[in-house]
Amino acid sequence: MKLQDDPRLTAYALGEVVGEEKARIEAELANSPGTTDEIEDIRRVGEILTCELGGSQGTNKKTDQAVSKKPDVIRLAIRIRRWGIFAAAACVVLSVGLSVFVPSFYRTKGWSHASRVKSIEESMSIHGQADASAETEQPALQLVPNSVISKTTPASNPTAQPGVDLWAVARVNNPTPKQFIAPSSTDQLAVRIPQSRGRNIDLGGVGKNRQDSSSGLPAVESLVTTEEAAIPFKHSNREVEGILWLDARENPTGRLPAEKEETAGDAWAYMDIKKDSSLSADKLSYSYMYHHSLNAEQNSAESNAEAYDTIQDNPFLIVDQKNALSTFSIDVDTASYSNIRRMLQSGQRPPKGAVRIEEMINYFPYDYPPPTDGRPFSVNVEIAQCPWQPEHRLARVGLRGKTFAEQERPACNLVFLIDVSGSMQPTNKLPLLKQAMGMLVNKLTERDRVAMVVYAGTSGMVLDSTRGDDHATIVAALERLEAGGSTNGAGGIELAYKIAAEHKIDGGANRVILATDGDFNVGIINQSDLVNLIEQKARGGVFLSVLGVGMGNYKDSTLEKLADKGNGNYAYIDTLAEARKVLVDQVGGTLVTIAKDVKIQIEFNPAIVKAYRLIGYENRILAAEDFNNDKKDAGEIGAGHTVTALYELVPIGGHIDTPSVDPLKYQPQSQAVDATTPSIASRSGETMTVKLRYKQPDGDTSSLIEQPVVDGSLAFSSASADTRFAAAVAAFGMLLRDSPHKGSATYSLVSDLAGGATINDVGGYRAEFQTLVQKANQLPISEPRP
Amino acid sequence: MTEKKVSGEAAWIGELVDRYEAPLARYVRRLVGCPDRARDIVQEAFMALSRESPGRLNGHAAQWLYTVCRRRAMDVRRKESRMVSENEQAVMDRVALGPGPEGIVGEREEMGRVEQLVTELPDAQQEMVRLKFGGGLSYKEIAEVTGLSVSNVGFLLHTAIATLRKQMDPDAKRQGNMR
């Protein structure tokens, strides 16, 4: 027989054959002279292949070559990917024979650095975390995931300037492996590039002896214009010196390390460290760069990449000529509550910026009567005692949108724009979304149309606009959706709007539904371009809804902004029940806008109200003159939606701590005039007048609703259950934000207030609220955070 | 989770990354074509791996990694062939694709001779070689990863090695070990 041509020979040579089969082959081999050489040959080829194709050996070899070119210098190269799933700090390419793997990096991708690639500092914003626990007895070449160096660094670096900094850190291991040195010691080199351009490069050890090494270094002028910066550094204690290179050019030629597979968006940094007698390659364990902000909120260990705008509570305003009017845009977003719930349920205290009280209040359905006068919504005002400040009054303004019976609702033209990037893979993201969309599909009829566009590394249509009753086709398209790749939100958005426009249903609900975890990390990532596009399309009658899915890298402020500009709403989906609530139960409200640009303006009567405070809606405040300006965009209200706003009122004669301004010298003494000669209206006994402006969904001019309100001197306990529950939610929000206006509110007060108000709790949302209050109450008191 | 356990798992994953990251990336790259995508797939796989417990994988981490990466790569291929692109050029402009022509030339030069020979093999053989020698998987594991029969794997590898032997000869013999 010809064993040479027998696959079994190869299998045998590679050690794949065992047992009887092995014995049989060996017997055959004994009779086949020359096969020994064959086997040797195969094994040698195998060895070569293993060597060339296998793992770290290959990398090592290349590293050695790179280092050997400059025998006195150890070069560490750090790839900084500008966008892409992996914040580049994980890709330490030439760190001497060592790959660094830090799973927590993977959550820190996102919008913030991808959206602003123009300046080098930002393009290099790597959110890194590493090795705060190095004091434990570990082998020297080891990195511990999930521990955070940024936690220790600012504390031990008192001279650091506020701002966003870029650090490059190389660790020099102690020559004696057993004595591993903690990162706060002087054995670290850190180079800090301040955010402001043209400033000096600060440099020094992170540790106690930072001052030893931070003086007398040359400044590097604007990193942006030079594109390349070489930053010499020297660390006196360790007698280590070298040069840190930052190269902002795309594809820096001539200096690419061995691995060539970077994309155009990558930037590189190099740390050339001059060796001295005490330092050799095997003692340099790793290097990494990370982006570090001294803004305490971003800096905190918990707030990985989630972005929240900071919120300042609305202050009390004295009812005088300047402030007698309070004007704001309605907001039907509810995402903040889901988000807070997710954090509390995982035992985490939500950052203050994530607590939007109006979104919490509006998460819950309220039982206001629907409109009966042909208007798109009803206005329901109630004033009662304020539970956390008993001498104050609490005014509740509740709107209720008209509802459609299922068969009366307008036809829907929906285009789902679905993020299928790799980060959407977890079961609480794309799979959850698919399930919820499957439920929605069952509600659609032949009048509706559905299309699907996916976006990831590239974007494309997976389902062209299809009649709503063709459930099989839609479901089949849903089934095919898979997560993978990186995200380019913009290309997909354009395509989605194009399909929506092509199939526009006049008089129907034309809507693009963007479902994403908030990362748009490939391609044009200019947020303002995106916002402009969405705004422009909304004017054309195609609105945008945003579904935030998943957790961890979820960007609250970005998604909300997109939904706002697209005349749409924004909801956060974290469980199937929530997805059902948003997509199925509220299909009317989420999908059908019944009035747009809804603004509320309240005029307070100075004869009754001394001061007032709008609770929540901080980012919705409008100037008084915007109320009658039909060009000014405002919130939308959907079918069946309720919108609730609360005001805390200080009655005349009450005490109010507002910083006083000296009386104006040249102005007429308006206060005095008002007090002595009150207008007829101010003697009416009315507390306030609520005015609303809204437009029909396809209209350009607004209509006005005006309604005077008299305080009926209700005790809190006599107020409606809806008012009491809304007050409980507001108090909860104030506690979570540690609001200066929380008064006597405590978690047990919240619990009491809500406890008496859980009637008509359809869906169990109010009962669930109670459990969250318990959770929050059990959390340890947090350190003060902004 | 205790510190000790965290660092134990870190070490475990760190070793796997050291050993498999590069070969996996090269393997996936041949399947999906785009180096950027390949790297994402590999890193997603490691990310998924970090959620698995070492005990559960019980020495099959390599097979697990290759299986996950292969499945993802196939998904990507299927998806891309399925999608109807809106405006090919507009999309291309925005999507970061791999190295341009110059980059590819550079890559060829950089590539070892052996790597180059492997690249020239037919797709199926190349995949077998990468799984066997890059990933260190056994025939049986390769069969499980790819869905081929063990004998089919054996045949493909036998053919691939025969080809490579011819091409390496006489260089391979003279150098003994190409390293």
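So you know, we letter chains A, B, ... as the sequences are listed, proteins then strands, and number each from 1.
The shortest heavy-atom contact between B:I161 and A:V45 is CG2-CG1, 4.2 Å. Contact record, A:P7 with B:G154: CB-O, 3.9 Å, taken as the closest heavy-atom pair.
Interface remark: B:V150 contributes no atoms to any contact with chain A (heavy atom separation under 4.5 Å).
Inter-residue side-chain proximity for A:L14 and B:F133 is flagged as met; some heavy-atom pair is nearer than 4.5 Å. Here the side chains of B:F155 and A:D6 are not in contact, with every heavy-atom distance at 4.5 Å or above.
By the ring-ring contact (aromatic ring centres under 6.0 Å, His included) test, B:Y66 pairs with B:Y27, sequence neighbours left out. Judged as a salt bridge (charged side-chain N to carboxylate O under 4.0 Å, His left out), and not counting sequence neighbours, B:E141 has no contacts.
Note on A:I42, A:D464, A:L49, A:I499: by heavy-atom pairs under 4.5 Å with chain B, the leading option is A:L49.
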CA sep, side-chain torsions, deciding dist, call: B:Y139, A:T10, side chain to side chain contact (heavy atoms under 4.5 Å, CB included): CA-CA 11 Å; B:Y139 279 25; A:T10 305; 3.9 Å; yes

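The CD1 atom of B:I142 sits 7.0 Å away from the CD atom of A:E16 when rounded to the nearest 0.5 Å.
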